[in-house]
Amino acid sequence: MRRLAAVLLVCALLAGCGSTAPPRAGAGLWHGGRIYIATGNTTGVYYQFGGGYADLITKHVPGYEARAEATGASGENITRVATGDMDVAFSIADTAADAVTGKGAFEGRPQKVVALGRLYRSYAQVVVRNNLRVTKFADLRGKRISTGSAGSGADVFAGRLLFAGGINPDTDIVRQRLSLPETTKGMLAGTTDALIFTGGLPTPGIADLLASAPGQFSLLPLDELLKPLSFRYGTVYGAGKLPKSTYDTPADVDTIVIGNLLLVSPDMPDQLAYDLTKILFDYQVELSRVHPEGANYDKAGAVTTDPVPLHPGAARFYGSG
């Protein structure tokens with residue numbers, strides 16, 4: 001796909017059909033100076049953060065031009081980096097751990113990806129229609145629930161969360177694997193009863209949903225599910241809260257948090273990996289203006305990517321290699 005896109009761009013330019021200047025390139029630049037960043041749904045934090053990151057790479061890494069691409073998020077992102085179709089990818093930590101160890105959706109197929117660092121935390125967010133009188137997680141049984149785009153980190157986590165709550169996601173609910181934009185449309189139209197999503201705060205699509213229909217939706221607390229979830233899947237999950245200021249809720253909502261990783265191919269040149277990691281910290285203030293989660297990571301936490309190894313170039317930046 002990468003090669004086809006590049007060929008089409010060249011053909012368009014030669015034919016005089018393109019009005020946009022070609023990306024900067026030069027001898028020795030990896031992939032001709034083009035960096036493709038796999039993000040997520042257009043109304044999610046990955047997409048916003050990734051767009052700002054792409055702009056900073058283009059401005060501050062000489063010879064390179066970056067572009068953020070909307071995708072189905074974590075699972076798809078990992079596969080596309082491992083196959084060379086994308087260069088950089090956002091992924092939720094549990095899906096990335098499965099990928100490098102060949103577990104879960106990647107059973108027997110470990111993926112060759114490494115990390116530039118650990119970023120902000122994602123928050124589990126379960127939104128329900130108030131007219132259904134769902135007050136606890138067990139009440140979701142039998143409901144029409146969107147668990148996110150198929151293969152996304154949100155979809156994987158939603159399945160695990162449902163099992164932890166004693167609900168079989170394939171037999172005890174009507175499972176809808178929809179993107180976040182499709183999900184919010186379904187919630188407003190009444191064709192979807194609840195959504196399970198993981199993302200930074202605020203998640204734009206969820207913020208828009210709650211703001212567009214005041215009093216029609218609520219967020220479910222999830223603290224009771226952390227123990228069974230961690231017992232089955234390990235310490236990748238932690239306790240957190242959705243502050244009431246995030247979505248203007250009556251009170252903070254107890255939830256579950258998961259880290260996010262920025263992934264690349266182990267084939268990426270060390271200097272480029274170093275430069276891309278450096279951008280995250282040299283221009284963190286700018287990234288926090290793109291989305292508030294840009295402020296919520298630091299060097300001390302960024303190196304904790306286990307079991308996903310750090311790229312040697314990133315390790316050099318952190319001073320650990």
Side-chain angles (χ1 to χ4, degrees), residues 35 37-40 44-57 59-61 64 66 68 73-74 77-78 81-82 86-101 111-123 153 157 198-201 203 234-240 256-321:
I35 296 176
I37 303 173
T39 62
V45 178
Y46 284 174
Y47 187 75
Q48 284 197 346
F49 191 105
Y53 184 46
D55 288 344
L56 290 170
I57 292 170
K59 290 177 182 177
H60 300 293
V61 180
Y64 283 94
S74 300
N77 291 356
I78 290 168
V81 165
M86 288 282 168
D87 304 301
V88 182
F90 290 84
S91 175
I92 202 160
D94 55 356
T95 300
D98 284 351
V100 298
T101 56
Q111 303 294 297
K112 293 183 178 180
V113 294
V114 293
L116 295 184
R118 188 184 191 95
L119 301 177
Y120 63 89
R121 300 188 301 176
S122 277
Y123 293 72
F157 174 78
T198 52
L201 301 180
T203 296
T235 58
V236 69
Y237 304 110
I256 295 165
V257 295
I258 320 161
N260 289 287
L261 304 183
L262 195 62
L263 305 176
V264 297
S265 165
D267 297 331
M268 177 177 281
D270 285 4
Q271 186 59 49
L272 179 57
Y274 178 94
D275 291 340
L276 296 186
T277 307
K278 191 170 185 290
I279 288 288
L280 293 169
F281 295 92
D282 284 359
Y283 300 98
Q284 188 169 8
V285 171
E286 286 85 344
L287 286 170
S288 70
R289 292 171 183 155
V290 172
H291 191 279
E293 291 290 10
N296 294 331
Y297 60 88
D298 56 35
K299 289 183 180 179
V303 298
T304 57
T305 61
D306 188 66
V308 182
L310 277 174
H311 190 290
R316 177 162 64 89
F317 172 79
Y318 296 118
S320 58

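All residue numbers refer to positions in the sequence shown, counting from 1. Keep in mind it's a predicted model, so treat the numbers as computed, not measured.
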Here the pair of heavy atoms bringing Ile78 nearest to Ala96 is CD1-CA, 3.8 Å
Looking only at side chains, do Tyr64 and Asp275 share a donor and an acceptor under 3.5 Å apart?
no
Shortest non-hydrogen pair, Leu201 vs Tyr123, comes out as CG-CD1, 3.5 Å
Can Arg316 and Gln271 be said to form a side-chain hydrogen bond (donor to acceptor under 3.5 Å, both in side chains), step by step?
CA-CA 9 Å; Arg316 177 162 64 89; Gln271 186 59 49; 3.0 Å; yes
For Asn260 and Ser122, which I'm curious about, is there any donor-acceptor pair between the side chains at under 3.5 Å? yes
To the nearest 0.5 Å, atom OG1 of Thr39 lies from atom CE of Met86 at 8.0 Å
query: Aromatic rings Tyr120 and Phe49: how do their planes relate, parallel, tilted or perpendicular, breaks at 30° and 60°?
result: tilted
**Asked** How about Tyr47: does its OH atom have over 12 heavy atoms from other parts shown lying under 6.0 Å from it?
**Response** no
Note: Tyr53 and Ile37 closest approach over all heavy atoms is CD2-CD1, 3.9 Å
Tightest non-hydrogen contact, residues Ala66 and Ala54, listed as CB-O, 3.6 Å
(Q) Given 3.5 Å as the limit, does a donor-acceptor pair link the side chain of Arg118 with the main chain of Thr304, or not? (A) yes
**Item:** Student check: side-chain heavy atoms of Val81 and Val88 closer than 4.5 Å
**Value:** no
Q. Below 4.5 Å, heavy atoms only, C-beta onward: do Phe157 and Thr95 meet side chain to side chain?
A. no
Measure the shortest side-chain to side-chain distance between Val61 and Leu56 over non-hydrogen atoms and say whether it is less than 4.5 angstrom. no
Does the side chain of Leu261 come within less than 4.5 Å of Leu116's, by heavy atoms? no
Rounding to 0.5 Å, atoms CD (Gln48) and CG (Leu287) come to a distance of 12.0 Å
- Query: Under 4.5 Å between any side-chain heavy atoms of Tyr297 and Gln284, yes or no?
  - Reply: yes
Between Asp87 and Val264, is there a side-chain heavy-atom distance shorter than 4.5 Å? no
* Test item: Ser91 and Asn77 side chains (from C-beta on) under 4.5 Å apart, heavy atoms -> no
Side chains of Tyr46 and Ile92: does their closest heavy-atom pair fall under 4.5 Å?
yes
Q) Between Phe317 and Phe281, does the ring centroid distance fall short of 6.0 Å? A) yes
